[in-house]
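Everything on this sheet refers to the single structure shown next.
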Amino acid sequence: MKLLEPTQIGSMTLRNRVFMAPMGTTTEPDGSFSERSIRYYEERARGGFGLIITGANQVTTAYEQKACNIIGTDRSKEQLAEIANRMHRHGAKLCIQITPGLGRMQLPFSDAVAPLAASEVESYWFPGLMCKPLSVEQIEDLVVKMGEGARIAKEAGADSVEIHGYGGYLMDQFSSALWNKRKDQYGGDLAGRLRFPLEVIASVREAVGPDFPVLYKFTPFHGVEGGRELEEGLEMARMLEAAGVDALHVDMGCYEAWYKAIPTVYQPAATQAWLAAEVRKVVSVPVLSTGKLNNPAVAEKALADGQADIIGLGHGALAEPHWVNKVAENRAHDITPCIGCNECLFAGFKGGHYVCAVNPQCYAEDMNPITPVERPTRALVLGGGPGGMEFALTAAERGIEVELWEKRPQLGGTLLAAGGPSFKQDVMDYATHLVNKVYRANITVRTMKDGTAEEIAEGGWDKVVLATGARHSVPPIPGIDGAKVAMANDVLTGAKPHGKRVVVLGAGLVGCETAAMCAQTADSVTVIEAADTILATVEHCRNNELALEQLLEDSQIEFITGARVNEFGADAVTYEQAGEVRSLEADTFIIATGYTPNDELLAQLEGKVDVSVIGDAVEADSILSAVHGGFQLARSIGAEEAVPGAETVADQARTES
């Protein structure tokens, strides 16, 4: 298996061909690595990754405020040494990514402070705010500082460094005609635009010596209008190799098409492998590739087909830190799959610690231990959705006797609807993973089993968990009970078919995804929304937003906003918009107007049993909320402090994550 074969990057030997891709982490106030982030990296080293590449480390804050880790302080040197020691203890090699800055991508103190960048172009986060070009003297200083940063990394015990030259950040801004409008020696043709990166490579090489591996992460194709096209990207690859880098880490996209750089649930597997393959044709140094290679079979094929020399996992490594070990032990079935929700990235951009929707212990490796219960305990879970299954699995791992009742024929809950569309395969994979894991665990599962309050109260359970999910909220509109009206979940799961002319009521996340799914086979799809904009109440990461917007545009869906439906007729829906009553013919009307918790049992059980409510049965929310709620509740059983009530479980999950 090529994944598990040793390989080389320059003088550095890797135990396998799998690396943890660079992702930012929270830091200490001075920019050094926190103990929490060190443990996070260590867990992936323990999990078998051959190479750990850290998130970016700023080599100076002279021209930008702190945005990530900072290299160079006494504390940062100590922490770098500690990371290196722990990586080596577990057999992994360490690569420190260093950056001169973010340029137009930085978040300045205010919208009145012009960011320093390659040239006078618009700030990404503050449209209309024009950046100020770095002076030649400032550029020369950054070149020196990059060399110094590489030297510090080497002296701390790192095995290699990676130059942060991709994705529309500062070095990529210099390299691209889209953002580099300079008229001096650092602008103009490709040779001029690459002058700064090539000087950085020379400075780094001089600082670390000829035998220390230097990687370069770059973007040969932006995928946006005016951005870098592949022909220029391949010429860049040749020039970077000639400058002396030991490996090229291929990336794709930029913030304007962020989902191409950091894929979402809506992108196919191996989304960047084709690009790495093109680069590999024109260089002789190893080529590293990432981009939804979370399935071991897909990753192995990328290597076997010669698309890359080494493959990396980013968010897949958050979901499953022991990915490599499980592949080596023929336990690929036990790998927790990434679902492409980007809750991890979203948490970071909101200023919090990073979290993973499907791995509550991510970035909390020492904070959420799963310990055995001290006395025999019996727990009943009602509902086999993500929250109920996660509770059951965690509780069973603690030695709790768990029984799970699900009123439907199969487990999965709302995951089956959320993963119904072909473009949501990642979610369906997670549903399958959870269901199979439940059946392998020491859990008694009873499907087609509903429960009354009397039956539950007489069961002698030490803990009862209502993970009963939510049902569609059905607005009181005449005709909504008609034969041609269907609930979105029924369409998403295939329980009800749709016709060729579809109208969806509600342009939230469920409504839009349902519309996109129907558009794959329908002749026309129209979405009617009461708000003035679509996705008005949806909170998700910017790259997911961009990907969904692109999907909706490609699906050619018509949106009618600011409209109120008056009636569903036999063959048409009547609605009012801007004071005008209109009619739209269709053969299928789909309702996607939100959800109401299935919490009726709570009032009947309170005071009779120890009961808690999790997931959508508290309020319709996210997979993260359900999974983390179930996990934290299962951990809390038997603890000295009181078990949280139904109204606090979701809040506790968010807080402790």
Relative to the ring of [Y], is the ring of [X] parallel (under 30°), tilted (30 to 60°) or perpendicular (over 60°)?
{"X": "Trp274", "Y": "Phe221", "answer": "perpendicular"}
{"X": "Tyr166", "Y": "His164", "answer": "perpendicular"}
{"X": "Tyr40", "Y": "Tyr363", "answer": "perpendicular"}

Kindly compute the distance separating [atom1] ([X]) from [atom2] ([Y]), expressed to the nearest 0.5 Å.
{"X": "Glu539", "Y": "Ser622", "atom1": "CD", "atom2": "OG", "answer": "10.0 Å"}
{"X": "Ile614", "Y": "Ser625", "atom1": "CD1", "atom2": "OG", "answer": "9.5 Å"}
{"X": "Glu329", "Y": "His322", "atom1": "CD", "atom2": "NE2", "answer": "10.0 Å"}
{"X": "Leu318", "Y": "Leu345", "atom1": "CG", "atom2": "CG", "answer": "10.0 Å"}
{"X": "Trp258", "Y": "Tyr124", "atom1": "CH2", "atom2": "OH", "answer": "7.0 Å"}
{"X": "Ile71", "Y": "Asn57", "atom1": "CD1", "atom2": "CG", "answer": "5.0 Å"}

side-chain contact (heavy atoms from CB on, under 4.5 Å) assessment of Thr99 paired with Tyr169: CA-CA 9 Å; Thr99 180; Tyr169 295 111; 5.6 Å; no
Could you tell me whether the side chains of [X] and [Y] share a donor-acceptor contact shorter than 3.5 Å?
{"X": "Lys463", "Y": "Thr377", "result": "no"}
{"X": "Thr27", "Y": "Lys66", "result": "yes"}
{"X": "Ser636", "Y": "Gln632", "result": "no"}
{"X": "His333", "Y": "Asn436", "result": "no"}

Do Tyr354 and Phe346 have ring centroids that are under 6.0 Å from one another?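 Between Tyr354 and Phe346, which both carry aromatic rings, the centre distance is not below 6.0 Å.
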Test of ring centre spacing under 6.0 Å for His249 and Tyr216: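 His249 vs Tyr216: aromatic centres not under 6.0 Å.
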When you measure from the side chain of [X] to the backbone N and O of [Y], does any donor-acceptor pair fall under 3.5 Å?
{"X": "Asp159", "Y": "Leu94", "answer": "yes"}
{"X": "Arg440", "Y": "Val435", "answer": "no"}
{"X": "Arg17", "Y": "Asp309", "answer": "yes"}
{"X": "Asn368", "Y": "Gln361", "answer": "no"}
{"X": "Ser32", "Y": "Gln79", "answer": "no"}
{"X": "Glu513", "Y": "Pro421", "answer": "no"}
{"X": "Asn16", "Y": "Glu5", "answer": "no"}
{"X": "Lys424", "Y": "Ala418", "answer": "yes"}

Could you walk me through whether Tyr266 and Asn543 satisfy the side-chain hydrogen bond (donor to acceptor under 3.5 Å, both in side chains) test, starting with their C-alpha distance in whole Å, then the side-chain angles of each, then the deciding distance to 0.1 Å, before giving a yes or no? CA-CA 10 Å; Tyr266 305 110; Asn543 53 338; over 6 Å; no
Considering only heavy atoms from C-beta outward, does the side chain of [X] approach that of [Y] to under 4.5 Å?
{"X": "Leu248", "Y": "Leu215", "result": "no"}
{"X": "Thr444", "Y": "Val402", "result": "no"}
{"X": "Thr514", "Y": "Met517", "result": "no"}
{"X": "Leu382", "Y": "Thr468", "result": "yes"}
{"X": "Val250", "Y": "Ser289", "result": "no"}
{"X": "His433", "Y": "Met428", "result": "no"}
{"X": "Ser160", "Y": "Lys93", "result": "no"}
{"X": "Glu545", "Y": "Leu535", "result": "no"}

Would you sort out whether Arg86 and Tyr41 count as a side-chain contact (heavy atoms from CB on, under 4.5 Å), showing the intermediate values? CA-CA 9 Å; Arg86 296 201 204 177; Tyr41 286 123; over 6 Å; no
Candidate pair Gln58 and Cys68, rule side-chain contact (heavy atoms from CB on, under 4.5 Å), full reasoning: CA-CA 7 Å; Gln58 288 174 265; Cys68 51; 3.6 Å; yes
Please step through side-chain hydrogen bond (donor to acceptor under 3.5 Å, both in side chains) for the pair Thr264 and Gln267, ending with a clear verdict. CA-CA 6 Å; Thr264 75; Gln267 273 65 61; 2.7 Å; yes
Lys/Arg N to Asp/Glu carboxylate O, [X] vs [Y], below 4.0 Å:
{"X": "Arg75", "Y": "Asp30", "value": "no"}
{"X": "Asp366", "Y": "Arg36", "value": "no"}
{"X": "Arg89", "Y": "Glu42", "value": "yes"}
{"X": "Glu162", "Y": "Lys217", "value": "no"}

Given the rule in the salt bridge (charged side-chain N to carboxylate O under 4.0 Å, His left out) test, do Arg46 and Glu43 qualify, once you have shown the distances and angles that lead to the verdict? CA-CA 5 Å; Arg46 287 184 63 234; Glu43 195 64 26; 2.7 Å; yes
What do the steps show when you test Met252 against Thr271 for side-chain contact (heavy atoms from CB on, under 4.5 Å), and what is the final call? CA-CA 9 Å; Met252 182 171 74; Thr271 185; 4.2 Å; yes
In this structure, are over 12 heavy atoms from other groups packed under 6.0 Å from Asn442 atom CG?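 Not more than 12 within 6.0 Å, no.
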More than 12 heavy atoms of other groups within 6.0 Å of Arg408 CZ: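 No, because the 6.0 Å sphere around CZ of Arg408 holds 12 heavy atoms or fewer from other groups.
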Could you walk me through whether Arg39 and Glu82 pass salt bridge (charged side-chain N to carboxylate O under 4.0 Å, His left out), step by step? CA-CA 10 Å; Arg39 268 294 289 123; Glu82 181 62 21; over 6 Å; no
Taking all non-hydrogen atoms of both residues into account, name the closest pair between Pro22 and Gln97 and its distance. CG-NE2, 3.5 Å
What's the shortest heavy-atom distance between Thr219 and Gly253, and which atoms? CG2-O, 3.5 Å
Looking at Leu51, Thr290, Ile52, Leu313, which hits side-chain contact (heavy atoms from CB on, under 4.5 Å) with Met20?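 When side-chain contact (heavy atoms from CB on, under 4.5 Å) is applied between Met20 and each of Leu51, Thr290, Ile52, Leu313, only Ile52 qualifies.
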